[in-house]
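Taking it in order: structure first as structure tokens, then the write-up.
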Number of protein chains: 2
Amino acid sequence: MTTPQLTKNQSLVFDVLEKAEGPLSAYTILDKLRDHGFRAPLQVYRALEKLLEYGVVHRLESINSFVACAHPGDNCHSHGIVAFAICESCGQVMEFHDHEVDHRLMGWVRGQKFKPEKTTIEIRGLCEACAA
Amino acid sequence: MTTPQLTKNQSLVFDVLEKAEGPLSAYTILDKLRDHGFRAPLQVYRALEKLLEYGVVHRLESINSFVACAHPGDNCHSHGIVAFAICESCGQVMEFHDHEVDHRLMGWVRGQKFKPEKTTIEIRGLCEACAA
DNA sequence: GCAATTGATGTAATAACATAACATCTGCAA
DNA sequence: TTGCAGATGTTATGTTATTACATCAATTGC
């Protein structure tokens, strides 16, 4: 999927996520955009919905937060399943792909005749710096 | 970890989850236990916290719900990472393990010197019956 | 031009999920 | 019998997400 031109609100939300050090909750994004006229959560959620659809933002299910995709320029949908390692201390997120993991999961799924739509892989723990 | 004797509230919550067809939200559990004296969400969340700790219940992050572990008798912590396939139509959940997936993810993690605490793998989609 | 449609936006209200803070109770051990 | 730890009860509140409805702007077909 090619990413269409972002609307004003989508751009604002995306910029906030891009500039952030780590994942942000929808309400944190809202607060950061009050100066730009944002008043209600829906403005954020609507923008996020599109950004997720375009694959330029990911949702971290286990912490109810959102991050900009780590792959500059390129969009993520072509990479198969995206996995995340989330540091519970500093909040840093590492995004990665593993073809073999995809392969195994999709193999299992095929065996069950299950039709996958969206797969979440999130590893919570401590990053190297925080574990030290 | 061996599962200690459950307390009254823990048993009530666990029984509800065991008898359920699929995953339940904390508030759904609360409603099912009003007749047994439950009045507040915290009674459910406190029981769930322990049941999760004992490994007899799993939390599905992507749908904010809880299921009894599918492994009768045995507890889950010994099986490595647990993965779930969740049908978005009928709500049915399949729980499975894949050693190779564990191996790949833990390999990546080791390479990053990341210290994993809790890993989530959830595949949302349609089960065989619902996809037909 | 100007309806009709479509997609984006604004706003208020509410629903759904989760925790903080504090009080009480119960069983057990010093 | 006192003190402690763990479980429980209760109220209030915090956090995340959606419903419902109104408005606005750009595009299309007439």
Side-chain angles (χ1 to χ4, degrees), chain A residues 1-17 20 22-54 56-67 86 88 91 118 120 122 124, chain B residues 1-17 20 22-54 56-67 86 88 91 118 120 122 124:
Chain A
M1 183 199 306
T2 63
T3 304
Q5 188 62 36
L6 299 184
T7 66
K8 180 160 159 288
N9 285 2
Q10 288 160 19
S11 295
L12 288 167
V13 169
F14 184 65
D15 286 351
V16 166
L17 283 174
L24 301 177
S25 76
Y27 279 74
T28 302
I29 296 169
L30 174 57
D31 287 339
K32 286 179 182 293
L33 288 175
R34 294 221 185 257
D35 293 345
H36 292 79
F38 274 46
R39 319 291 313 276
L42 207 46
Q43 295 175 286
V44 177
Y45 283 110
R46 285 204 276 231
L48 286 171
E49 183 179 21
K50 289 298 182 183
L51 295 171
L52 289 168
E53 186 184 321
Y54 304 152
V56 297
V57 161
H58 300 292
R59 177 190 173 93
L60 302 176
E61 304 282 358
S62 64
I63 57 173
N64 297 320
S65 294
F66 304 84
V67 277
I86 305 165
E88 296 188 299
K118 176 79 178 74
T120 296
E122 296 175 16
R124 266 122 45 241
Chain B
M1 182 200 304
T2 62
T3 304
Q5 188 61 38
L6 299 183
T7 66
K8 179 159 160 291
N9 285 3
Q10 288 161 18
S11 295
L12 287 167
V13 169
F14 184 65
D15 287 351
V16 166
L17 283 174
L24 300 177
S25 76
Y27 279 72
T28 302
I29 296 169
L30 173 58
D31 286 340
K32 287 178 182 293
L33 288 174
R34 296 222 184 255
D35 293 347
H36 292 78
F38 274 46
R39 320 290 314 273
L42 209 47
Q43 295 175 288
V44 177
Y45 282 110
R46 285 204 277 229
L48 286 172
E49 183 179 22
K50 290 297 183 183
L51 296 170
L52 290 168
E53 187 184 320
Y54 303 153
V56 298
V57 161
H58 300 292
R59 178 190 173 93
L60 302 176
E61 305 282 357
S62 64
I63 56 172
N64 296 321
S65 295
F66 304 84
V67 278
I86 304 166
E88 296 187 301
K118 176 80 178 73
T120 296
E122 296 175 17
R124 273 138 19 254

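In the text below, chain A, chain B and the rest are named by the order of the sequence lines, each starting its count at 1. Heavy-atom basis, side chains included; hydrogens, waters and symmetry copies ignored.
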(request) Decide, yes or no, whether a salt bridge links A:E49 with A:R46 under the criterion of side-chain N to carboxylate O below 4.0 Å. (result)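 Between A:R46 and A:E49 there is no salt bridge, as every charged N stays at least 4.0 Å from the carboxylate O atoms.
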(message) Please determine whether a side-chain nitrogen of the Lys or Arg among A:E61 and A:K118 lies less than 4.0 Å from a carboxylate oxygen of the Asp or Glu.
(response) no
Report the distance from atom [atom1] of [X] to atom [atom2] of [N], rounded to the nearest whole Å.
{"X": "A:L30", "N": "C:dT9", "atom1": "CG", "atom2": "P", "answer": "15 Å"}
{"X": "A:D31", "N": "D:dT15", "atom1": "CG", "atom2": "P", "answer": "10 Å"}
{"X": "B:H36", "N": "D:dA7", "atom1": "NE2", "atom2": "P", "answer": "21 Å"}
{"X": "B:I63", "N": "C:dA16", "atom1": "CD1", "atom2": "P", "answer": "15 Å"}
{"X": "B:E61", "N": "C:dC17", "atom1": "CD", "atom2": "P", "answer": "14 Å"}
{"X": "A:Q10", "N": "C:dG10", "atom1": "CD", "atom2": "P", "answer": "12 Å"}
{"X": "B:Q43", "N": "C:dC17", "atom1": "CD", "atom2": "P", "answer": "18 Å"}
{"X": "A:Y45", "N": "D:dA20", "atom1": "OH", "atom2": "P", "answer": "18 Å"}

(message) A side-chain contact here means heavy atoms from C-beta on lying under 4.5 Å apart; do A:L48 and A:L17 qualify?
(response) yes
(message) On DNA chain C, does the nearest nucleotide to A:K50 precede the nearest nucleotide to B:R46 from the 5' side, or the other way round? Give the residue.
(response)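 It is A:K50, whose closest nucleotide lies nearer the 5' terminus.
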(message) Would B:V13 and B:V57 count as a side-chain contact (heavy atoms from CB on, under 4.5 Å) here? Give the steps.
(response) CA-CA 10 Å; B:V13 169; B:V57 161; over 6 Å; no
(message) Let me spell it out: for each of A:N64 and B:G37, pick the nucleotide of DNA chain D with the closest heavy atom. Which residue's pick is nearer the 5' end?
(response)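 Closest to the 5' end, via its nearest nucleotide, is B:G37.
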(message) Quick check: on DNA chain D, is the nucleotide nearest A:L42 upstream (toward 5') of the one nearest A:T28, or the reverse? Name the residue that is more 5'.
(response) A:T28
(request) Look at B:T7 and D:dT8 and indicate whether a side-chain polar atom (N or O) is within less than 4.0 Å of OP1 or OP2. (result) yes
(message) Measuring from atom CZ of B:R59 to atom OG of A:S62, what distance do you get when rounded to the nearest 0.5 angstrom?
(response)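 Rounded to the nearest 0.5 Å, the CZ-OG separation comes out at 9.5 Å.
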(message) I want to verify a distance call: between D:dT10, D:dA17, D:dG9, whose nearest atom is closest to the B:A40 side chain?
(response)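 The answer is D:dT10.
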(message) Between the base of C:dA15 and the side chain of B:Y27, is one N or O donor paired with an acceptor at under 3.5 angstrom?
(response)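 Checked by distance alone, the answer is no.
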